[in-house]
Amino acid sequence: GKQFMDHCASDEFCRSKLGDDAWAFIGNMLDGVDSGSCAALSDAGLDRSFVRQVFGTLITSWFMRPYIAMMAYRLERCSSSDVDFLLEFLNMLFSDGDVSVQDKLFSTALNSNITFSELWGEGDVTQDDLKAIIDGAYVSPDAAWYMAGRYDMWPKYEKDEYYSLFADFSGPILMMNGTLDPQTTLEMALPMKDIYTAENQYFIEFPRLPHGVIFQTPDLQSTDMPCGLNVFFQYLDNPETAPDFNCVADIPAINWAGDALINKQLFGTEDVYEGTISPSRKSAIRREVALELERVRRLLRERNITLGSH
């Protein structure tokens, strides 16, 4: 989260909204949420945990993560129009729509079995320890804390002789990772670059991109498709030829104002910082605020457990 928000300092528009230190701005905003500075929302159940989990969802998407700045800005100011705007934003973000194919294919049982048997760190870290770490975070899905409650009771399988080993492989490999991937971070991926160094093994970093670089790169004029997808197709066509990944230089800077077309479609205004929600769009505001926030919190918990497992 901090690495992402640090990019705000180099953007004139973002600095005009959050100041020279966006991370400190978010910290102060969260402290204000704790103290009830935005009573219209905090009295209805919005707290630090709620906000950081929303941020933990937004940061996984190239198109949605700039709205972290917008949400922080409006929560800090907390005018009546800000409250309306944020309620409608949360309603759209966590609507009870159709279940996605990804959600249908996701297995909580399989995820838990692999995570607890192979990926969960061994040691004395307790659920209370995790809670303390998460409570100090500004951006978090809180997935580890939710899952920790099942760890002791889960029937874990025994690790075999291949546990924690890397495959001895000299064939073609294409490895791609976003430098701002919050789920499988660049720091986690970089050891692969040093392990797989044979001919036709490539490790490509995609600047500023989140998780899933194949599809999360915006379409570029230079490739007529997402940069990551273009590199992937090249590699599939001929894995024994180095792919041309010059398109990474064309990946745009973070648009902190949000995409104007998306803003207009979602909110009816291109300015998500100062614009207002039209009366015809106030679907969430017609409900009881506390019930609306509780519904969003439930969906957040379900979604973020899935996100945290990737």
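Starting from 1, each residue takes its place in the sequence as its number.
Once rounded to the nearest 0.5 Å, the distance linking CD1 of I277 with CG of L87 reads 10.0 Å. Atom CZ of F203 and atom OG1 of T197 lie 13.0 Å apart (nearest 0.5 Å). Taking CZ from F25 and NZ from K17, the interatomic distance works out to 10.5 Å, rounded to the nearest 0.5 Å.
Defined by atom type and a distance below 3.5 Å, a donor-acceptor pair is missing between the side-chain atoms of R65 and T60. Residues N238 and Q234 have side chains that never bring a donor and an acceptor to within less than 3.5 angstrom of each other. Judged by distance alone, the side chains of Q53 and S49 do bring a donor and an acceptor atom under 3.5 Å apart. A side-chain donor-acceptor contact under 3.5 Å links S81 and S79.
By the 30° and 60° cut-offs, the orientation of the rings of Y202 relative to Y235 is perpendicular.
Grouping the Ile, Leu, Val, Met, Phe, Trp and Tyr side chains by contacts below 4.5 angstrom, directly or via other members, places V139 with M64. No single ILVMFWY cluster, assembled from side-chain heavy atoms under 4.5 Å apart, contains both Y163 and L165.
Between Y273 and F13, the ring centre distance stays below 6.0 Å. Taking the six-membered ring for Trp and the full ring otherwise, F267 and F85 have centroids separated by under 6.0 Å. Checked against the 6.0 Å centroid threshold, Y67 and F89 count as a close aromatic pair.
The side-chain hydrogen bond (donor to acceptor under 3.5 Å, both in side chains) test with N111 is passed by exactly one of N113, T115, T108: T115. For the salt bridge (Lys or Arg N to Asp or Glu O under 4.0 Å) with R48, the lone residue among D135, D31, D142 that qualifies is D31.
With a 4.5 Å cut-off on side-chain heavy atoms, L18 and M5 count as touching. The closest side-chain heavy-atom distance from M192 to F166 is below 4.5 Å. For the pair P207 and V248, the minimum side-chain heavy-atom distance is below 4.5 Å. In this structure, the side chains of T269 and T276 stay at 4.5 Å or more apart for every pair of heavy atoms. Proximity of L30 to I26: side-chain heavy atoms (C-beta onward) are separated by under 4.5 Å at one or more points. Considering only heavy atoms from C-beta on, V33 comes within 4.5 Å of L46 through its side chain. No side-chain heavy atom of L209 sits less than 4.5 Å from a side-chain heavy atom of Q216. In this structure the side chain of E274 reaches within 4.5 angstrom of the side chain of Y73, judged on heavy atoms.
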Check step by step if ring pair (Phe, Tyr, Trp, His ring centres under 6.0 Å) holds for W62 and F4.
-> CA-CA 11 Å; W62 168 272; F4 171 65; 9.3 Å; no
Kindly indicate, with the supporting measurements, whether the criterion side chain to side chain contact (heavy atoms under 4.5 Å, CB included) is fulfilled by L93 and V54.
-> CA-CA 9 Å; L93 188 63; V54 174; 4.2 Å; yes
Any chance you could lay out the side chain to side chain donor-acceptor pair (under 3.5 Å) test for R208 and T179, step after step, and finish with the verdict?
-> CA-CA 5 Å; R208 298 177 297 283; T179 62; over 6 Å; no
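Atom CD of E118 sits in a crowded spot, with more than 12 heavy atoms from other residues, nucleotides or ligands closer than 6.0 Å.
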